[in-house]
Amino acid sequence: MLADTPLSQFLTETPIPYEADEVTRLIIDSHASAAFAPIAHLTVGGLRDWLMAADGAAIRAVSRGLTPEMVAAVSKLMRNQDLIAVAAKVQVVTAFRTTIGLPGRLSTRLQPNHPADDARGIATAVFDGLLHGVGDAVIGVNPASDSIAAAANLLTMLDDLRQGYEVPTQSCVLTHVTNTIALIERGAPVDLVFQSVAGSETANRGFGIDLAVLREAHQAGLSLGRGTVGQNVMYFETGQGAALSANAHHGVDQQTMEARSYGVARVFDPLLVNTVVGFIGPEYLYDGKQIIRAGLEDHFCGKLLGLPMGCDVCYTNHAEADQDDMDSLMTLLTVAGCNFLICVPGGDDVMLSYQSLSYHDALYLRATLGRRAAPEFEEWLDRMGMLEPDGGVRALTDPTSPLERRMALESAR
Amino acid sequence: MSSTKVPATDIWQALRAATPARIGLGRTGDALPLRAVLDLQLDHARARDAVHAPLDVAKLAAELAPLTVVHVRSTAPDRPTYLRRPDLGRRLAEATPLPDGQVCDVLFVIGDGLSASGVQARAAALVEACIAQLPELTIGPVVIARQARVALADEIGERLRARVTVMVIGERPGLSVADSLGMYMTFAPRVGRADSERNCISNIHDAGGLSAAQAAQTLGWLLRESLRRQLSGVDLKDDQVQLPSSSSLPLEGPP
């Protein structure tokens with residue numbers, strides 16, 4: 001029955017009413033009928049077959065004609081193999097100080113969280129990550145505190161560090177978007193504007209946001225003009241279950257709600273979007289099998305909708321999952337052409353109490369699947385004497401190596 | 001590659017004091033050295049045990065003596081169901097008997113939540129520290145609830161006619177801390193209260209978290225303000241109390 005549903009029906013029958021929800025209005029009002037034309041005659045099942053046969057350019061061309069509901073629907077008819085094969089054909093390239101999403105590349109977010117936002121502790125984790133060649137998508141801290149002053153201090157520390165070592169990357173303190181607007185107003189060195197987003201107006205209100213404040217924040221970020229090779233300034237995180245956990249899903253399944261959050265993200269030309277796939281807990285994704293499936297669905301849906309999709313490959317201790325599941329998902333996502341993955345020291349986030357990927361996992365993916373870092377960042381690694389000819393990252397074990405010594409001295413200050 | 005490369009002079013030694021994060025682990029080829037792999041697996045196993053361990057309610061009740069204790073359980077029959085169905089953990093099992101009591105100012109409910117080992121280790125001492133802060137208030141019996149989510153205290157508090165409930169509950173275990181507690185305070189408890197109508201004190205543990213004494217003091221302030229202003233939740237937020245906010249996504253926060 002799902003396979004036989006015409007795609008055009010998704011434009012007239014919305015799961016959440018147009019009148020009741022600004023996300024639905026955004027989806028319908030921004031739908032591009034010209035882009036939709038080549039697939040307008042298809043059913044959901046027909047779209048699956050079309051996607052399997054089409055090339056990447058053809059898929060990108062219809063992107064703005066696809067709605068989140070169409071994309072979520074077709075993903076339900078696709079096996080993991082299909083989700084990987086189609087996503088791997090679609091490139092979405094964005095840029096700020098690095099260029100992310102180019103063919104053959106895999107970028108990483110360095111996530112140096114600390115339970116008390118200790119600047120030295122965070123700097124130490126950043127150095128450790130840089131020595132593993134991690135951080136070309138963003139150096140992004142989740143602050144433990146909600147304080148604007150604390151966020152300003154962290155931004156200044158990260159910016160000093162970036163400039164001191166001339167690292168071509170961008171930094172971000174993942175605080176509420178209204179905090180970031182305030183930080184921009186008081187002159188803090190903001191590279192990227194972060195916000196968690198969800199797929200309905202009520203769920204977004206639960207996050208304390210609406211489309212208007214996102215537009216304001218986007219403009220504020222653009223006004224700074226801090227990017228060098230591009231001006232994609234927004235960073236969004238999402239995750240299946242966010243709307244459901246806030247009881248703001250209107251009876252709609254969690255995967256369709258997730259795709260609707262991509263419908264929100266894509267109008268802001270983000271640099272980075274990632275699903276935090278195993279974070280919310282087993283009541284939404286119970287075990288490793290569900291987490292792996294959801295990670296592939298989210299990446300596929302995001303890419304189809306034109307997003308620079310990344311993933312926080314992760315799990316909590318009350319889910320039926322372990323490192324083996326993470327190994328499988330990160331490998332599959334890299335094969336699927338995922339733009340970036342999140343890495344924390346040793347795979348253990350000591351602030352948010354969950355497991356993500358380690359810096360070493362990024363090295364494994366580079367070596368085993370031949371993926372290289374963003375070109376600007378790779379040049380920096382080379383200047384620092386850390387780049388192997390094959391794109392791998394050299395282990396710096398010589399205590400006289402200038403970079404390691406300098407970093408150690410710096411972080412010991 | 002056969003040799004494990006740990007930095008020759010371990011420059012990380014001094015830096016480890018700056019963060020509990022797993023930094024400077026070294027490399028063997030591109031991989032984590034085995035020691036770091038096994039350390040993480042052991043810590044994961046401990047955290048999993050904390051989630052799945054049953055609460056020894058008799059032992060906890062004995063530690064709480066001479067306080068009066070009432071035992072209840074949620075509608076979640078077992079751990080796997082509890083983990084899948086948060087809604088069942090928020091309602092009392094059918095026909096749960098509760099004592100007829102007087103109206104009380106404060107009712108403490110101790111729930112196993114996601115870390116029974118945290119509850120076992122420190123809930124009794126925490127509740128006693130809290131009660132010691134509240135000499136002028138009437139305190140109801142201490143309710144011990146199994147397979148409990150935070151909102152289970154709403155139904156219990158409503159039936160026991162409490163003006164405010166405090167749910168003391170085991171928090172989602174991390175690898176470094178598997179026995180942390182949280183306290184959730186709700187004014188005028190009744191079924192259907194939203195999480196935004198609660199105040200939370202989290203990260204109560206011995207490994208660099210809030211001490212029981214600190215948490216009890218914060219709770220005392222919140223309770224008096226709640227009773228004075230007849231509310232709890234986001235409207236009670238005060239700059240004097242630095243409540244930790246933990247994440248960019250909602251954790252379905254309360255376990």
Side-chain angles (χ1 to χ4, degrees), chain A residues 112-116 118 120-125 128 142 144-146 174 194 196 206-207 237 239 241-242 245-246 276 279-284 286 316-318 322-323 344-355 358 360 363-364 366-367 392 395-399 404-405 408 411-412, chain B residues 5-9 11-12 14-27 29-32 36-37 39-41 43-44 47-48 50-52 80 83-87 114 171-178 180 196 203 208-209 242-253 255:
Chain A
N113 295 344
H114 186 281
D118 180 86
R120 188 158 165 255
I122 289 172
T124 301
D128 195 19
N142 299 88
S145 131
D146 199 27
L174 285 75
F194 169 80
S196 293
F207 284 141
E237 281 192 335
S245 75
V276 192
F279 187 70
I280 303 191
E283 51 273 45
Y284 305 100
Y286 184 67
T316 60
N317 290 314
H318 61 319
D322 60 23
Q323 296 300 124
V344 306
D348 172 15
D349 189 303
V350 293
M351 200 282 280
L352 293 172
S353 287
Y354 75 119
Q355 283 87 263
S358 66
H360 301 71
L363 297 175
Y364 148 75
R366 296 210 183 295
L396 289 182
T397 55
D398 176 0
E404 196 161 356
R405 272 177 68 85
S411 62
Chain B
K5 288 190 179 175
V6 173
T9 55
I11 59 167
W12 300 102
L15 302 176
R16 289 202 176 90
T19 176
R22 293 170 200 247
I23 55 160
L25 299 176
R27 283 169 58 173
D30 287 320
L32 280 166
V37 174
D39 283 350
L40 188 118
Q41 286 177 0
D43 289 341
H44 183 231
R48 302 275 298 147
V51 171
H52 291 276
L83 291 174
R84 278 194 194 86
R85 293 283 307 272
D87 55 322
L114 287 168
E171 290 186 328
R172 194 167 90 171
L175 289 194
S176 46
V177 179
S180 178
S196 58
N203 270 304
Q242 292 281 323
L243 295 177
S245 81
S246 52
S247 79
S248 49
L249 275 173
L251 291 168
E252 179 359 346

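Worth knowing before you read on, the calculation uses all heavy atoms, side chains too, and leaves out hydrogens, waters and symmetry mates. In what follows, chains are A, B, ... by sequence order, proteins preceding strands, each numbered from 1.
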Exercise. Mind checking what makes side chain to side chain donor-acceptor pair (under 3.5 Å) contact with H318(A), not counting sequence neighbours?
Worked result: T316(A)
For this session: Identify which part of P112(A) has an atom lying under 4.5 Å from any heavy atom of chain B, answering side chain, backbone, both or neither.
Result: neither
Exercise. Atom CD1 of I23(B) and atom CG of D348(A): how far apart are they, to the nearest 0.5 Å?
Worked result: 12.5 Å
Problem set entry | Atom group of A36(B) that falls short of 4.5 Å from chain A, counting heavy atoms | neither
Exercise. Where does L40(B) contact chain A at under 4.5 Å (heavy atoms): side chain, backbone, both or neither?
Worked result: side chain
For this session: Name the member of D349(A), V350(A), D322(A), I122(A) that forms the most heavy-atom pairs with chain B at distances under 4.5 Å.
Result: V350(A)
For this session: For D118(A), enumerate each residue passing the side chain to side chain donor-acceptor pair (under 3.5 Å) test, keeping only those at least two apart in sequence or located in another chain.
Result: none
Seminar exercise, completed: One option among H114(A), R366(A), H360(A) has the most heavy-atom pairs under 4.5 Å with chain B, and it is H360(A)
Exercise. Which bit of Y364(A) comes within less than 4.5 Å of chain B, counting heavy atoms only: side chain, backbone, both or neither?
Worked result: backbone
Seminar exercise, completed: Interface check, chain A: of H52(B), H44(B), R85(B), most non-hydrogen pairs under 4.5 Å belong to H44(B)
Problem set entry | Residue among D39(B), L175(B), V177(B), V51(B) with most heavy-atom pairs under 4.5 Å to chain A | L175(B)
Exercise. Any side-chain donor-acceptor pair under 3.5 Å between Q355(A) and N317(A)?
Worked result: yes
Exercise. Once you round to the nearest 0.5 Å, how far does CG of L83(B) lie from CD of E283(A)?
Worked result: 8.0 Å
Exercise. Under a 4.5 Å cut-off applied to non-hydrogen side-chain atoms, are T124(A) and W12(B) in contact?
Worked result: yes
